Amino acid sequence: MNSAITAFLTDRPTPTIARSLLGHQLHFQTPTGKLTALITETEAYLGAPDAGAHAYQNHQTPRNRALWQPAGTIYIYQLRAWLLLNLVTQSAGTPECVLIRAVEPVAGLKRMQQNRAQTGANLTNGPGKLMQALGLPRELNGHPLNESALSLDIQPSRQPAQIVTTSRIGIVNKGAWTQAALRYYVAGNPYVSKISRRTVDHQHHGWLVASER
DNA sequence: TGTACGATCCGCT
DNA sequence: GCGGATCGTACAA
């Protein structure tokens with residue numbers, strides 16, 4: 001992993017990192033081609049104090065071991081029948097991470113449709129969906145970003161016109177941590193989980209366009 | 001738009 | 001056993 005990625009994933013608080021990941025591209029290199037997608041929705045998980053996090057109270061298990069590794073380590077775990085993708089942030093020993101909750105397809109759309117047997121926003125508008133669309137194997141767990149088949153662009157490809165901040169999805173009965181505003185998504189982007197169709201910006205998908213800069 | 005249910009692995013009781 | 005950072009299908013309203 002190069003030092004620029006390490007700096008990007010350590011030099012600010014994890015909520016800020018989660019927010020700033022919107023508009024960055026993920027690439028998955030496969031033997032038969034590259035799949036590329038823009039990050040549209042993220043959630044921050046803040047380690048030991050965070051009652052909604054797997055690393056709450058520094059509780060370490062075989063499953064969540066990757067969280068204690070350095071920034072840029074890939075943390076993949078299974079929930080029910082699905083895999084979920086997280087990027088570890090902060091230095092080794094600080095078990096914080098960002099959950100990638102949704103992405104917008106950029107390249108390899110046909111492959112994603114084959115992987116998912118779905119079309120449209122349903123392709124990647126959820127954490128389990130995007131993993132299936134990209135076809136990321138669970139074996140990436142514990143491996144470093146950008147030294148494996150999965151890489152993250154250090155520079156953003158698009159800039160959100162507006163970012164919405166809400167509480168995290170699926171964190172129930174965790175007191176203040178249930179309410180904590182740690183979920184971020186691109187307003188108007190169709191590839192975001194649990195949004196109503198009426199709020200979708202069909203023209204620009206919520207990204208800034210050149211004429212607006 | 002909503003509720004119900006099953007898929008199916010890991011960690012806890 | 002049971003529930004979880006989820007999702008697709010079935011069915012109701």
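The structure presented is a predicted model; accordingly, all values stated were derived computationally and were not measured. Residue numbers begin at 1 in each chain, while the letters A, B, ... track the order of the sequences.
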Distance-only donor-acceptor check, side chains A:Q29 and A:S151, under 3.5 Å: no
Separation of the P atoms in B:dC5 and C:dC2, to the nearest angstrom: 15 Å
Spacing of A:N64 atom CG relative to B:dC10 atom P, expressed in whole Å: 13 Å
Nearest-nucleotide pick for A:R63, side chain only, options being C:dG8, B:dC9, B:dC10: B:dC10
Euclidean distance, atom CG of residue A:L83 to atom P of B:dC10 [Å, nearest integer]: 11 Å
Side chain proximity check, A:R138 to A:Y77, heavy atoms < 4.5 angstrom: no
Polar side chain donor-acceptor pair, A:E104 to A:T124, under 3.5 angstrom: no
Nearest-Å distance for atom pair NZ/P, residues A:K129 and C:dA5: 18 Å
Consecutive-pair stems (at least three Watson-Crick or G-U pairs, under 3.5 Å) that include DNA chain B: B:1-7 with C:6-12, B:9-12 with C:1-4
Side-chain touch A:R183/A:S167, heavy atoms, less than 4.5 angstrom: no
Rounded distance in Å - NZ (A:K194) to P (B:dT3): 12 Å
Earlier contact from the 5' end, DNA chain C, for A:L67 and A:N122: A:L67
Ring centres under 6.0 angstrom apart (A:H54, A:Y45): no
A:H54, nearest nucleotide to its side chain (from B:dA7, B:dC10, C:dA5): C:dA5
Heavy-atom pair with the smallest gap, counting every atom of A:L84 and A:P127: CG-CB, 3.9 Å
Nucleotide of C:dC7, C:dA5, B:dG11 approaching A:P62 most closely (side-chain heavy atoms): B:dG11
Rounded interatomic separation in angstrom, taking CE from A:M131 and C1' from B:dT8: 16 Å
Under 3.5 Å side-chain donor-acceptor pair for A:N58 and A:W68: yes
A:F8 vs A:I154, side chain to side chain contact (heavy atoms under 4.5 Å, CB included): CA-CA, chis, key distance, verdict: CA-CA 7 Å; A:F8 185 80; A:I154 189 76; 3.3 Å; yes
Interface with DNA chain C, restricted to residues 90-121 of chain A and to heavy atoms under 4.0 Å: A:L99, A:R101, A:R116, A:Q118
Integer-rounded Å distance: B:dT8 C1' and A:Q132 CD: 14 Å
Residue A:W82, side-chain atoms from C-beta onward, closest of C:dC7, B:dG11, B:dC9: C:dC7
Pairing of A:E43 and A:R101 as salt bridge, 4.0 angstrom limit: yes
Length of the CD-P vector between A:E43 and C:dA5, whole Å: 10 Å
Test item: side-chain donor near acceptor, A:R12 and A:T89, under 3.5 Å: no
Sugar-phosphate, base or nothing in reach of A:R168, heavy atoms under 4.0 Å: nothing
Rounded distance in Å - CG (A:L79) to C1' (C:dG3): 10 Å
